[in-house]
Amino acid sequence: MEKINQVPPILPGIMVLPPVSEKPYLVAGQCSNCGKTFFPKKEICPSCFDKGEVREIPLSQRGKLATFTIVRRSLGAKKLPYAMGYIETPENLRIFALLEDCDFDRLTIGMEMEVVFEEEELEEGRKVTIYKFRPV
Amino acid sequence: MRDVYVVGVGMTPLGRHLDKRLRDLGKVACFSALKDAGLEPKDIQAGFCGNALAPAIQGETGVGQNVFWEVGINKIPILNIENACCSGSSAFREAWLTVASGLYDVAIAVGVEKTYTEKGGMLDIGKPDLDLMLGLVLPAYFAFVANRYIQEFGISKEDLALVAVKNRFHGSLNPYSQFRQPVTVEEVIQSPMISDPITRLSCCPLSDGAAAAILVSKEKAEKLGKKTVKVAASILQSGSYDNPMNLSNWDLNIRASEEAYNRAGIGPEDIDLAEVHDCFTISELVHYESLGFAKKGEGVRLLKDKSTYIGGKVPFNVSGGLLAKGHPVGCTGIAQIVEAVWQLRGEANKRQVENARVAMTHTMGGVKEGDCKAVTINILKRE
């Protein structure tokens, strides 16, 4: 876990990593006025403007697959094929995620997924920590 | 707001134009539109140019001034507009607005784009957001909608392929179309998989092209003897970006079409033909529903009973649409309007929709947090 901590998140503020938390987790924003949640966190709630304060909340480790696809042909440096989808979290958010450890043929909408964190090297060579979801 | 008329249109065939610059294509479209309107370059009082990707692909900015000068249009306000796939239709809306407001009597809108490169591939829209940084690509986003739609409404991959079959057939009737060969359901399904369930023939191609339209006040249209096609509504809207987002439809289209129908004082039952943003097969199917032509989940029926074929109740994309005619991003919105104008004037030859009086064009652009960035809807009426 210490190794992962040396590598910054792909986008600042979207996850908490060791040693701050022993178990890494994703972070969303929640408006103190209307209770709406955002991922990635927004500074200003679009519904409440200055009437609410957006606070950080941890996102659950698990969610349900809301939709998905398998990218078979693309131009980027990413190794093909790879799966991606939207995860529905208990916080009533739908978040975009790469999927891993999954049998492409067995992916189904509604299946239970859990978050994992790993290092990835971006096309420009920068090493970052990203999140993915895998079937439970 | 004053009444505004479209008095001149023109476009290049869409396809591969590797030997031409943006201005070479734009020149052809503007020249044709001027000749069609019976106007000279000096008659144009304001110019708007839609282009999405020239800064990224060609490294060119200020495309509008480059294009308009090729036909001798200068010394007037010229505005360059980038609004993703709605760049051209947003330029058209600005031209409409400038005449409708009374500021000017004669304005031109051009849309021009070159996305085809020798190495081919896929449109690159940069990596400004988390999903794009992680690896989201455009076909995958539409595949999300397709898979969700398939799960919610129980349609088959064969059903989805019917959109490409129809639009390729329509494209075979259009000399301006990039693809002129019809395809079968089997060919669509068996073409290489891009992003399940989106196959290569379920995607629009990379295209080059330009299209232009000239808009004038009622008095000017009367003087020209071309008071034929009126702009009954010209709508631009943006997305909500609310989470959780709708994954089997784009709510933005519902909002924009309601606004367009209200402004034009008509409903979907009054539309004789529609040119809609069929960037992928799933898109057109969903548009049937969000634009009010079918109930939620029932769009496939319009394909199965051939309602949206030429000769059907309300033909969709008789030009071939983006899937066959092509999708030069910033040109697309105006190319749709050019087709609508030709149809309303009865000049569409083999693909003419009989007695077309009211046409709708719909363009959808950009991806942001599971929604779109822009939608434009134009309703044009023959007088």
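Reminder, nothing fancy here: chain letters follow the sequence lines and each chain counts from 1. Since we're looking at a predicted model, the values are computed, not measured.
Residues passing the side-chain contact (heavy atoms from CB on, under 4.5 Å) test with A:I44, sequence neighbours excluded: A:F49.
For A:E124, the CD atom is densely surrounded, since the number of other residues' heavy atoms within 6.0 Å is greater than 12. Counting non-hydrogen atoms of neighbouring residues, nucleotides and ligands closer than 6.0 angstrom, the NZ atom of B:K157 reaches no more than 12 such neighbours. Counting heavy-atom neighbours within 6.0 Å of B:K296 NZ, excluding the residue itself, gives a total above 12. For A:K41, the NZ atom is densely surrounded, since the number of other residues' heavy atoms within 6.0 Å is greater than 12. Residue A:R72 places its CZ atom among more than 12 non-hydrogen atoms of other residues, nucleotides or ligands, all under 6.0 Å distant.
Here B:M245 is the residue among B:K127, B:M245, B:R200 with the most heavy-atom pairs under 4.5 Å with chain A. No other option in A:T89, A:N92, A:L11 has as many heavy-atom pairs under 4.5 Å with chain B as A:N92. Taking chain A as the reference chain and counting heavy-atom pairs below 4.5 Å, the highest number among B:L247, B:V137, B:D129 is found for B:L247. Ranked by heavy-atom pairs under 4.5 Å with chain B, the first of A:T69, A:V71, A:T108, A:L93 is A:T69.
No donor-acceptor distance shorter than 3.5 angstrom exists from the side chain of B:N147 to the backbone of A:T67, with no hydrogens or angles considered. Within the 3.5 Å criterion, the main-chain N or O of B:G135 finds a donor-acceptor partner in the side chain of A:Y82.
To the nearest 0.5 Å, atoms OH (B:Y241) and CZ (A:F38) are separated by 15.0 Å. One distance of note links CD1 of A:I10 with CG of B:L130; it measures 6.5 Å at 0.5 Å rounding. Residue A:M84 holds its CE atom at 9.0 Å from CG of B:D131, rounded to the nearest 0.5 Å. Between B:D242 atom CG and A:S47 atom OG the span is 6.5 Å, to the nearest 0.5 Å. Taken to the nearest 0.5 Å, the CZ atom of A:F39 stands 10.5 Å off from the CD atom of B:E369. Going from atom CG of B:N243 over to atom OH of A:Y86 covers 8.0 Å, rounded to the nearest 0.5 Å.
If you measure heavy-atom distances from A:K36 to chain B, the contacts under 4.5 Å come from the side chain alone. Looking at A:I14, only its side chain comes within 4.5 Å of chain B, counting heavy atoms on both sides.
Residues of residues 181-198 of chain B having a heavy atom under 4.5 Å from any heavy atom of chain A, listed by number: B:P192, B:M193, B:I194, B:S195, B:D196.
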Handout entry: Trace of the ring pair (Phe, Tyr, Trp, His ring centres under 6.0 Å) decision for A:F68 with B:F144
Key = CA-CA 5 Å; A:F68 64 93; B:F144 286 156; 8.5 Å; no
